[in-house]
**Q** 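Attaching a single structure in structure tokens format; questions to follow.
We number each residue from 1, following the sequence as shown. Remember, it's 1-based here, ligands and their atoms both numbered in the order they're listed.
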Amino acid sequence: MPLAVKILIAGGFGVGKTTFVGAVSEIRPLQTEELLTERSVGVDDTSGVDRKTTTTVAMDFGRITIRDGLILYLFGTPGQDRFWFMWDELSHGALGAVVLADTRRLADSFPAVDYFEHRGLPFIIGVNRFDDGYDYTVEEIRDALDLSPHIPVVLCDARSRESAKQVLTSLVRFLLSSRDVEHPDASAVAGS
Ligand SMILES: Nc1nc2c(ncn2[C@@H]2O[C@H](COP(=O)(O)OP(=O)(O)O)[C@@H](O)[C@H]2O)c(=O)[nH]1
Ligand SMILES: [Mg+2]
């Protein structure tokens, strides 16, 4: 029986969550998008977000087999503040999260970092490299997001299946290493 693990993909509006889940999912990702109406353009902060004409109102859902016996179910969190009430619901049963960050708007990822720190849910940072993004070093990003030194920061391209998969592999490795520290005999995630 393969082990199925629930993972959240979080980060600010327009950071690339839907793109990430779509690129990496081996099933056609479920998305609930609505066209940005004039009204939601006023509500959603679209400044600095290019070519974005849709916004995810509910969530993205996808699945990826990392290796034999380990399947990740990916749940993209809604990016807008007005959907915060869904986060508790979505985090239920999740083992870990990827917080995507856009170097042009790093602060947009603060709320997700805060939320997972608060809940004690292990997370890593995936820095989605937009063409006109800034070339910060991993250390600069770590400082800007005020991360503990043990939290992995991985550069990625959310449009690339391989790159997104590498981020998820890093997360799994991070979850396993945290588990080893807290529960030396837990091998559930390792599956061996
Ligand atoms: N150049 C570039 N564009 C990207 C990248 N990731 C996402 N995008 C684009 O940025 C916009 C926002 O991405 P989306 O996945 O909808 O963001 P979400 O709000 O976090 O779900 C879309 O138009 C994507 O095509 C990337 O790595 N590079
Ligand atoms: Mg989206």
**Q** Compute the shortest N/O to N/O distance between Phe13 and ligand 1 and return yes if it is under 3.5 Å, no if not.
**A** no
**Q** Could you list the atoms of ligand 1 found under 4.0 angstrom from a heavy atom of Ala158?
**A** 6 (N), 27 (O)
**Q** When you compare ligand 1 with Val15, is there at least one nitrogen or oxygen pair between them that comes in under 3.5 angstrom?
**A** yes
**Q** Report yes if Asp60 has an N/O atom closer than 3.5 Å to an N/O atom of ligand 1; otherwise report no.
**A** no
**Q** Go through the side-chain N and O atoms of Tyr115 and Thr77 and say whether any donor and acceptor fall under 3.5 Å apart.
**A** no
**Q** If we only count N/O pairs under 3.5 Å, is Phe20 in contact with ligand 1?
**A** no
**Q** Can a salt bridge be assigned to the pair Arg104 and Asp132 using a cut-off of 4.0 Å between side-chain N and carboxylate O?
**A** yes
**Q** Provide the number and element of each atom of ligand 1 under 4.0 Å from a heavy atom of Asp157.
**A** 26 (C), 27 (O)
**Q** Indicate, with yes or no, if the rings of Trp87 and Phe75 have centres closer together than 6.0 Å.
**A** no
**Q** Salt-bridge test for Glu139 and Arg142: reply yes if a basic N is under 4.0 Å from a carboxylate O, no otherwise.
**A** yes
**Q** Counting only N and O atoms by type, is there a donor-acceptor contact under 3.5 Å from the side chain of Thr137 to the main-chain atoms of Glu140?
**A** yes
**Q** Considering only NZ, NE, NH1 and NH2 on the basic side and carboxylate oxygens on the acidic side, decide whether Asp88 and Arg119 come within less than 4.0 Å.
**A** yes
**Q** Short check: any N/O/S atom of Thr19 below 2.8 Å from the Mg ion (ligand 2)?
**A** no
